[in-house]
Amino acid sequence: MHIWKHFSTITRHRHKVIAHCFKAGIFWQGLFHDLSKYSPAEFIPGARCYQGFQSPNERERELYGFSRAWLHHQGRNKHHFEYWVDYNQELNRKEPVQMPTRYLIEMFCDRVAASKIYFGEDYDQSKPYQYFDKGRKRRWMHEETSRRLEELLVMLRDKGEEETFSYIRNVVKPEGKKDKIHWK
């Protein structure tokens, strides 16, 4: 068990997400980011499967064929696109649902922070996009959510953090509880 290392990693990640959410104009949302990772259902498997270079959920999948911690996490955290799947009665099957903008912004912040943590000194602004692009064929995300996230990741890659977070704050940011979408 790697209790301290896992605790340190998830806490460093969470603090980076909070800082990114602050830059994106959703500070309060950032304060509540990933609190479920400290619950026994997620923390214990994370400490057991800690490796330091990738998510412990990957190791848990290798060992058991699935990750109980991930299933718990993605079902409780709205900034994961996997949370946004619902039953479509017309098609008689589950379908991805478009994410509200506030959670899309948090997902962007989460991905940038995770890349910084896992790549460490090898991080550059293209890493979050590369990770997104690598998973394109196996990802089951609403088409519009995917397009919007990709737009932000490409902007980060090509124009940098300062311009991307300014764009999020001034153009993309949701307005109040109605969560209006402001995209080009």
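Counting only heavy atoms from C-beta outward, the side chains of Tyr123 and Ile117 never approach each other to under 4.5 Å. Between His33 and Asp110, some side-chain heavy-atom pair lies under the 4.5 Å cut-off. Looking only at side-chain heavy atoms (C-beta outward), Tyr38 and Ile10 come within less than 4.5 Å of each other. Within the 4.5 Å cutoff, the side chain of Gln125 has no heavy atoms near those of the Thr164 side chain. Counting heavy atoms from C-beta outward, Leu35 and Arg14 have side chains that approach closer than 4.5 Å. In this structure the side chain of Pro128 reaches within 4.5 angstrom of the side chain of Leu156, judged on heavy atoms.
Distance alone, capped at 3.5 Å, is enough to place a donor-acceptor pair between the Asn88 side chain and the Glu90 backbone. For Ser39 (side chain) and Ser36 (main-chain N/O), a donor-acceptor pair under 3.5 Å exists by modelled atom type. Side-chain atoms of Arg102 do not come within 3.5 Å of backbone N or O of Gln29 as any donor-acceptor pair.
For the atom pair Arg169 CZ and Ile105 CD1, the distance stands at 11.0 Å (nearest 0.5 Å). Rounded to the nearest 0.5 angstrom, Lys23 NZ and Ile18 CD1 are separated by 13.5 Å. Atoms OG and NZ, from Ser166 and Lys159 in turn, are 11.0 Å apart once rounded to the nearest 0.5 Å. Met107 contributes atom CE, which lies 8.5 Å from atom CG of Leu153 (distance to the nearest 0.5 angstrom). The line from OG of Ser146 to CE of Met99 is 11.5 Å long, rounded to the nearest 0.5 Å. Atom CD of Glu82 and atom NE2 of His79 lie 9.5 Å apart (nearest 0.5 Å).
In this model, a donor atom of one side chain and an acceptor atom of the other lie less than 3.5 Å apart for His72 and Arg76. Between the side chains of Tyr167 and Glu162, no donor-acceptor pair is found at a separation under 3.5 Å.
With sequence neighbours left out, Phe22 forms a ring-ring contact (aromatic ring centres under 6.0 Å, His included) with Phe27. Evaluation of the ring-ring contact (aromatic ring centres under 6.0 Å, His included) rule for His80 yields Trp70, His73 as partners, not counting sequence neighbours. Evaluation of the side chain to side chain contact (heavy atoms under 4.5 Å, CB included) rule for Val154 yields Tyr129, Glu150, Arg157, Asp158 as partners, not counting sequence neighbours. Legend: residues meeting salt bridge (charged side-chain N to carboxylate O under 4.0 Å, His left out) with Glu58, ordered by chain and number and at least two apart, are Arg61. In terms of the side chain to side chain contact (heavy atoms under 4.5 Å, CB included) criterion, residue partners of Asp124 (sequence neighbours excluded) are, by chain and number, Ser126, Lys127. In this structure, the salt bridge (charged side-chain N to carboxylate O under 4.0 Å, His left out) partners of Lys116, at least two apart in sequence or on a different chain, are Glu161. Under the salt bridge (charged side-chain N to carboxylate O under 4.0 Å, His left out) criterion, Lys78 pairs with no residue, sequence neighbours left out. Qualifying ring-ring contact (aromatic ring centres under 6.0 Å, His included) partners for Tyr118, counting only residues two or more places apart in sequence or in other chains: none. Taking the ring-ring contact (aromatic ring centres under 6.0 Å, His included) definition, one finds that His2 meets it with Tyr50, sequence neighbours left out. The salt bridge (charged side-chain N to carboxylate O under 4.0 Å, His left out) test applied to Glu62 returns Arg59, not counting sequence neighbours.
Of all heavy-atom pairs spanning Tyr131 and Arg111, the tightest one is CD2-NH1, 4.2 Å. Shortest non-hydrogen contact noted between Gln98 and Trp84 is O-CE3, 4.5 Å. Among all heavy-atom pairs drawn from Cys21 and Glu106, the shortest one is SG-CG, 4.3 Å. Considering every non-hydrogen atom in both Asn57 and Ser67, the closest pair reads OD1-OG, 3.4 Å. Shown here for Glu60 and Pro45, the closest heavy-atom pair between the two residues is OE2-CB, 3.7 Å. The two atoms that bring Thr101 and Val172 nearest to each other are CG2-O, 3.3 Å, heavy atoms only.
Annotation: ring-ring contact (aromatic ring centres under 6.0 Å, His included) contacts involving residues 146-166, sequence neighbours excluded, comprise His20-Phe165, Phe108-Phe165. Listed by first then second residue, pairs satisfying salt bridge (charged side-chain N to carboxylate O under 4.0 Å, His left out) with a partner in residues 34-57 read Asp34-Lys37, not counting sequence neighbours.
Atom CZ of Phe66 is surrounded by more than 12 heavy atoms from other residues, nucleotides or ligands within 6.0 Å.
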Residue pair Phe81, His142: steps toward the ring pair (Phe, Tyr, Trp, His ring centres under 6.0 Å) verdict: CA-CA 8 Å; Phe81 67 87; His142 188 275; over 10 Å; no

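Cluster annotation: Val171 and Leu104 are assigned to the same hydrophobic cluster (Ile/Leu/Val/Met/Phe/Trp/Tyr, side-chain heavy-atom contacts under 4.5 Å, transitive). Under the 4.5 Å side-chain heavy-atom criterion for grouping Ile, Leu, Val, Met, Phe, Trp and Tyr, Ile26 is not connected to Val17 through any hydrophobic cluster.
Separation of the Trp4 and Phe7 ring centroids falls under the 6.0 Å cut-off.
Classification of Glu151 and Arg148 as a salt-bridged pair fails, no side-chain N sitting under 4.0 Å from a carboxylate O.
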